[in-house]
Amino acid sequence: MAAITASVNAGGGLADHIHPEPQGFFRKYVFSIDHKIIGIQYMITAFLFMILGGMLAELIRVQLMKASGGIMTPDTYNEVYSVHGSTMVWLVIIPLLTGGFGNLIFPVQIGARDVAFPWLNMLSFWLFPPAGLMLYASFLMGAPTAGWTEYPPMSLQGAAGTSMWAAAIFLIGVSSTMTGINFLVTILKMRAPGMTFTRMPLFVWGQFVTAPLLMIATTALGAALAALFVQRQFGVAFFDPTRGGSPLLWQHMFWFYSHPAVYIMILPAFGIISEVLPTFSRKPIFGYKMIAFSSCAIAILGFMVWAHHMFTSGLAPALQLPFMVLTMLIAIPTGIKIFSWVATLWGGVIRMTTSMMFALGFLATFTLGGITGVFLAAVPFDLHVHGTYFIVAHLHYVLVGGSLMGVLAGLFYWYPKMTGRLMNEKLGHWAFWLFFIGFNGTFLPMHWLGIWGQPRRVAVYDPQFQGWNQVASWFSFVMTAALVLVLFNALWSIRRGKKSGPNPWNARTLEWQIPSPMPYYNFKHVPSVFAAPYDFAEPLPYKGLEEELKGGPPPVPAAH
């Protein structure tokens, strides 16, 4: 590898940079090893898949406008919602929050010039688009029809596209695992001098705790997917009870991954919110250590509660109580975060930027999603609403009202570091209100639809539920219009947005102390850190940044 070996913690100049700047379009923007370009590649790809997944979601809502359905057969409907769920989890939310914002921001926040394994980083990304195309190619041979969970025996009986689905998700799992290894080593080994763990920005904490989840939980999913693929293609009876297998084995392995995966999808969003709120409140974040360590508690507990998804699967009553209690315990560290964020806002000088509005929207909607999560942890209530639209409502309040709202807050916040320009705030405010109203109008009614008994994953339903389904469908169009407006704003602002300068928000973490967009080398000289970044009343806690905003960089040494 033509690279200059770095001693990134030595505090040296550009001679310590890991790689000479690549020349030519393909090496710069396609097969790049620059963590920032790879982060943007993840974002662009994930937003393209979001468009596809969103179109499938609207097909679902159009189908459900009438109790008798009308635009799709039940088999096609099953394919559409299965691919929609798989898309939004594996091709949109996780890649945006880890591969996208993770790659773009956290290496700069810790004072590094790149991630630990740049070539592995590039390989991680380039497994992602082909895997997504494989997932959508499954429509050509009969897409999966058992939802994003693909429980056997239904998934064993599905068309050939189910094997394609398993292979695609397996590839994405490999990509995620490599990303987790890369991020963990980078944070452990490449922090700037003086950046102790209790001086790291909270977004870095979000990525630091997520990385082991990516490595450990995804391994269980990979094993389950491999077993499903092998049984479908070669007949080995992992999940067939008539030949010694067990369909419950899939559920245990799937949920051992998928419950921690909820935290893979929300912990980085917690980190984004923890950056946005103090910046636009002009106050130090309240309870820095409580927020950081509560993320660790959430991750540990996340591995201990998978079986609460299986209360209706024949789980022994003696096991239901401990899993119920452990699941409820997660509300404690989550509540600590929410309390700390509210305390940060209290008495602050609030600046209502679009990013701040999405962060406040996150607080409202994610809190409601968390409360319904406590309900679902209780065995009697879970038995009542299992398999109903209450589950759909809870899931979307956590992953759309939480994770996606966090993504949108981060997009408006860090857009200047990608392009050197600001997104249009007026369009941003319109987008927020359309999204917030559309989101709640779509998913709030699903709570009582579920309690009243409307089952999920059905193409037709009892006519008594049609009124609220029509309400949900109309508001879903409003939410989609908001996302189209965000996309238009992002594209329009690339050329016509107001120039941002290096630090338009007067923020204090390291990425704001260098030019916008961020230069290839990140820092001319690796800075030293002597305090945490959130005390707005104190001078910046960095040394060695005096030259960062002056003139161009000295020439990068040639590769050898």
Side-chain angles (χ1 to χ4, degrees), residues 39-40 42-44 46-48 50-51 54 92-93 96-97 100-101 104-105 203 268-282 341 344-345 348-366 399-442 475-507 509 511-512 516-518:
I40 294 171
Y42 267 110
M43 288 188 193
I44 293 173
F47 274 115
L48 290 174
M50 184 193 289
I51 293 172
V92 178
I93 299 296
L96 276 174
L97 285 166
F101 284 110
L104 180 71
I105 297 299
F203 179 70
F270 287 166
I272 293 174
I273 301 304
S274 298
E275 300 294 333
V276 171
L277 292 181
T279 297
F280 295 118
S281 302
R282 309 311 298 167
W341 291 327
T344 302
L345 294 170
V349 183
I350 307 294
R351 185 180 171 191
M352 292 300 285
T353 62
T354 306
S355 180
M356 184 66 160
M357 293 171 75
F358 275 112
L360 295 175
F362 168 98
L363 271 180
T365 52
F366 176 77
L399 297 186
V400 180
S403 302
L404 187 55
M405 201 88 85
V407 165
L408 295 174
L411 176 66
F412 279 86
Y413 185 60
W414 281 310
Y415 187 84
K417 303 314 293 183
M418 291 184 269
T419 64
R421 294 178 184 270
L422 294 162
M423 290 179 73
N424 185 286
E425 281 290 308
K426 192 171 183 179
L427 290 177
H429 284 214
W430 272 101
F432 168 77
W433 284 114
L434 286 174
F435 186 84
F436 190 78
I437 294 169
F439 167 80
N440 284 289
T442 302
F475 275 103
S476 76
F477 303 145
V478 176
M479 185 171 65
T480 299
L483 293 173
V484 171
L485 194 56
V486 170
L487 180 62
F488 170 79
N489 193 350
L491 296 174
W492 182 86
S493 299
I494 290 175
R495 288 190 173 275
R496 300 195 176 187
K498 182 181 175 184
K499 289 186 178 178
S500 65
N503 191 359
W505 314 128
N506 199 16
T509 42
E511 77 273 23
W512 300 105
S516 300
M518 295 181 281

- Intermediate values then yes/no, side-chain contact (heavy atoms from CB on, under 4.5 Å), F203 and S274: CA-CA 7 Å; F203 179 70; S274 298; over 6 Å; no

Rounded at 0.5 Å granularity, tell me how far [atom1] in [X] sits from [atom2] in [Y].
X	Y	atom1	atom2	answer
F47	L96	CZ	CG	5.0 Å
I105	I272	CD1	CD1	9.0 Å
T419	M518	OG1	CE	10.5 Å
L411	M43	CG	CE	7.5 Å
M423	I494	CE	CD1	9.5 Å
H429	N424	NE2	CG	9.5 Å

Could you list the residues that satisfy side chain to side chain contact (heavy atoms under 4.5 Å, CB included) with [X], not counting sequence neighbours?
X	value
L360	L277, L345, M352, M356, L363
I40	I44, L104, M418
P504	P416, L422, S500, W512
L485	L427, W430, A431, L434

List the atom of [X], the atom of [Y], and the distance in Å for their closest heavy-atom pair.
X	Y	value
A269	G402	CB-O, 4.5 Å
R421	Y415	O-CD2, 3.1 Å
N440	F436	ND2-O, 2.8 Å

- Query: Is a donor on one side and an acceptor on the other found under 3.5 Å between the side chain of T509 and the backbone of E511?
  - Reply: no

- Message: Can a donor-acceptor pair be found, under 3.5 Å and without considering hydrogens, that links the side chain of S281 to the backbone of V349?
- Response: no

Can you find a pair of side-chain heavy atoms, one from [X] and one from [Y], that are under 4.5 Å apart?
X	Y	answer
L483	L408	yes
V407	F358	no
L487	I51	yes

[X]: ring pair (Phe, Tyr, Trp, His ring centres under 6.0 Å) partners, not counting sequence neighbours:
X	value
F439	Y397, F443
F435	none
F475	none
F280	Y413, W505

- Query: Are F432 and F412 close enough, and set up right, to give a side-chain contact (heavy atoms from CB on, under 4.5 Å), and what steps lead you there?
  - Reply: CA-CA 11 Å; F432 168 77; F412 279 86; over 6 Å; no

- Item | Donor-acceptor side-chain pairing of W414 and E275 below 3.5 angstrom | no

- Mind running side-chain contact (heavy atoms from CB on, under 4.5 Å) on I273 and V276 for me, showing each step along the way? CA-CA 5 Å; I273 301 304; V276 171; 5.6 Å; no

- Message: Once side chain to side chain donor-acceptor pair (under 3.5 Å) is applied, what residue pairs with a partner in residues 481-496 remain, sequence neighbours excluded?
- Response: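 Matches after skipping sequence neighbours: N489-S493.
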
So, using side-chain hydrogen bond (donor to acceptor under 3.5 Å, both in side chains) as the criterion, who are the partners of [X] when residues are at least two apart?
X	answer
T480	E58
T354	E425
S516	K417

